[in-house]
Amino acid sequence: MTIREIEDATGLPRANVRYYESLGLIHPARAANGYRDYRQEDLDTLLKIKLLRQLDCSLEDIQALEKGTRTLDQVLSEVGDALEKKASETQHALELCRQLRADRPSWDNLQPERYLFWNPAISAELPPVRDASDTLGNRCPWRRYFARTLDYALCLTLWELFLSLVLRVNILSTSFWLNVANVAMALGLMCVLEAACLHFFGTTPGKALFGLKLTRSDGSYFGFLDALWRTGRVVVLAWA
């Protein structure tokens, strides 16, 4: 048989047929004119290869089968286990994809921790977002309190310096509304600066002083918007 006849009979492209020949899986004879002459044995081998490749069987295993160093039952047992694992992973990925589409998050507000640690085979409910430092924070609430107080004091100082040096406002004024505005602006500044620090460094000046670091459960830093939402939520709950 010619290479064209082999292509038609197997549905394999010529490049694949030649590659399998280079691996020693088929052994076509040479005709008098120098062209390859494929035998029925070569055709049968190529069809076997095509079948096993559809099962994700490796070429190394196929070579071992051809040489007789492994049995078909051994190879199929391993391939079956791999396919079952792949099917389970595919089903898990499909469930995650469906859940993500149902939740309709955007790139900016996507909270990957909820999905990375979710196993739909165990629980139909998504887990809450976890901070990697929550356990440390729960053991050391006073450290977190003093760290945030220090961060707030730093932001208040920066704001008052801006008022005094740039806007030329008398910060010693006892005006009630000025004091309220100063507190509000300091808190707003703290939200932005803390979010930036958590995004780039995983900590803030106050947290760093007390040995605290805030990261996601996988060890990565928060996105800026995620960190801003987290800090803003803490500020609102503290003043609610």
Side-chain angles (χ1 to χ4, degrees), residues 1-107 110-132 134-135 215-221 223:
M1 287 179 283
T2 65
I3 185 66
R4 174 60 62 84
E5 292 172 327
I6 286 292
E7 287 182 288
D8 293 340
T10 63
L12 293 171
R14 183 171 306 195
N16 284 32
V17 175
R18 294 283 170 78
Y19 180 62
Y20 296 146
E21 180 185 348
S22 70
L23 294 178
L25 294 172
I26 58 175
H27 310 277
R30 289 284 181 173
N33 57 10
Y35 289 104
R36 291 174 174 81
D37 182 17
Y38 294 91
R39 300 164 297 173
Q40 183 63 41
E41 180 183 350
D42 297 321
L43 174 59
D44 293 340
T45 300
L46 288 171
L47 291 175
K48 292 175 184 178
I49 294 172
K50 183 177 182 179
L51 172 62
L52 293 179
R53 290 296 287 163
Q54 287 180 350
L55 299 176
D56 285 340
C57 187
S58 69
L59 287 174
E60 290 78 8
D61 283 335
I62 295 175
Q63 286 178 302
L65 288 171
E66 196 272 338
K67 294 176 182 178
T69 57
R70 301 200 68 191
T71 67
L72 183 58
D73 184 66
Q74 290 174 331
V75 172
L76 291 179
S77 177
E78 294 178 2
V79 169
D81 291 341
L83 288 175
E84 288 180 2
K85 181 180 179 181
K86 184 176 180 180
S88 177
E89 293 173 349
T90 301
Q91 183 62 34
H92 179 70
L94 182 60
E95 292 294 335
L96 284 175
C97 184
R98 287 173 177 167
Q99 186 64 51
L100 280 164
R101 294 191 66 190
D103 294 345
R104 302 180 67 85
S106 67
W107 172 257
L110 174 63
Q111 298 175 334
E113 299 90 345
R114 299 191 68 198
Y115 305 93
L116 287 171
F117 299 98
W118 177 52
N119 186 348
I122 298 176
S123 173
E125 297 294 328
L126 285 169
V129 178
R130 295 184 295 150
D131 295 342
D134 276 351
T135 302
T215 62
R216 293 190 175 106
S217 299
D218 60 359
S220 62
Y221 294 156

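Because only heavy atoms are used, hydrogens play no part in the values below, and waters and symmetry mates are left out as well, while side chains stay in. As the structure is a prediction and not an experimental result, all values here were calculated from the model.
- Contact of the Tyr38 side chain with the Val17 side chain is registered, since non-hydrogen atoms from C-beta on lie closer than 4.5 Å.
- Applying the salt bridge (charged side-chain N to carboxylate O under 4.0 Å, His left out) definition to pairs two or more places apart or across chains, those involving residues 5-19 are Arg4-Glu7, Glu7-Arg14.
- When the side chain to side chain contact (heavy atoms under 4.5 Å, CB included) test is applied to Leu76, the partners found at least two apart in sequence or on another chain are Leu52, Leu55, Leu72.
- Of the inter-residue distances, the one linking Leu46 atom CG with Leu25 atom CG reads 8.5 Å to the nearest 0.5 angstrom.
- For Ser106, the side chain to side chain contact (heavy atoms under 4.5 Å, CB included) test picks out Asp108, Asn109, with sequence neighbours left out.
- With sequence neighbours excluded, the residues forming a side-chain hydrogen bond (donor to acceptor under 3.5 Å, both in side chains) with Glu21 are Arg36, listed by chain and number.
- Residues meeting the side chain to side chain contact (heavy atoms under 4.5 Å, CB included) test with Asp73, sequence neighbours left out: Thr71.
- Using a distance-only test at 3.5 Å, with no hydrogens or angles considered, a donor-acceptor pair links the side chain of Asp42 to the main chain of Arg39.
- Rounded to the nearest 0.5 Å, atoms CD (Glu66) and CG (Leu59) are 12.5 Å apart.
- Interatomic distance, Ile49 CD1 to Ile26 CD1, rounded to the nearest 0.5 Å: 7.0 Å.
- Counting heavy atoms from C-beta outward, Tyr20 and Thr45 have side chains that stay 4.5 Å or more apart.
- Side chain of Asp37 to backbone of Arg30: no donor-acceptor contact under 3.5 angstrom is found.
- Taking CD of Glu89 as the start and CG of Leu94 as the end, the distance is 13.5 Å to the nearest 0.5 Å.
- Taking a 6.0 Å sphere around CZ of Arg101, one finds it holds 12 or fewer heavy atoms contributed by other residues, nucleotides or ligands.
- In this structure Arg53 satisfies the salt bridge (Lys or Arg N to Asp or Glu O under 4.0 Å) test with no other residue, sequence neighbours excluded.
- Taking Lys86 as the reference, Asp56 meet the salt bridge (Lys or Arg N to Asp or Glu O under 4.0 Å) condition, with sequence neighbours excluded.
- Annotation: side-chain hydrogen bond (donor to acceptor under 3.5 Å, both in side chains) contacts of Gln91 (sequence neighbours excluded): Glu95.
- Qualifying side-chain hydrogen bond (donor to acceptor under 3.5 Å, both in side chains) partners for Asp61, counting only residues two or more places apart in sequence or in other chains: Ser58, Arg70.
- Between atom CD1 of residue Ile6 and atom CG of residue Leu47 there is a gap of 8.0 Å, rounded to the nearest 0.5 Å.
- Remark: Tyr35 engages Asn33 in a side chain to side chain contact (heavy atoms under 4.5 Å, CB included) (not counting sequence neighbours).
- More than 12 heavy-atom neighbours from other residues, nucleotides or ligands sit within 6.0 angstrom of CD on Glu78.
- Formation of a donor-acceptor pair under 3.5 Å by the Ser22 side chain with backbone atoms of Tyr19 is found in this model.
- Taking OG1 of Thr10 as the reference point, atom NZ of Lys48 lies at 14.5 Å (rounded to 0.5 Å).
- Residues Gln40 and Leu43 are in side-chain contact: their nearest non-hydrogen atoms beyond the backbone lie under 4.5 Å apart.
- Checked against side-chain hydrogen bond (donor to acceptor under 3.5 Å, both in side chains), Lys50 has no partners two or more places apart in sequence or in another chain.
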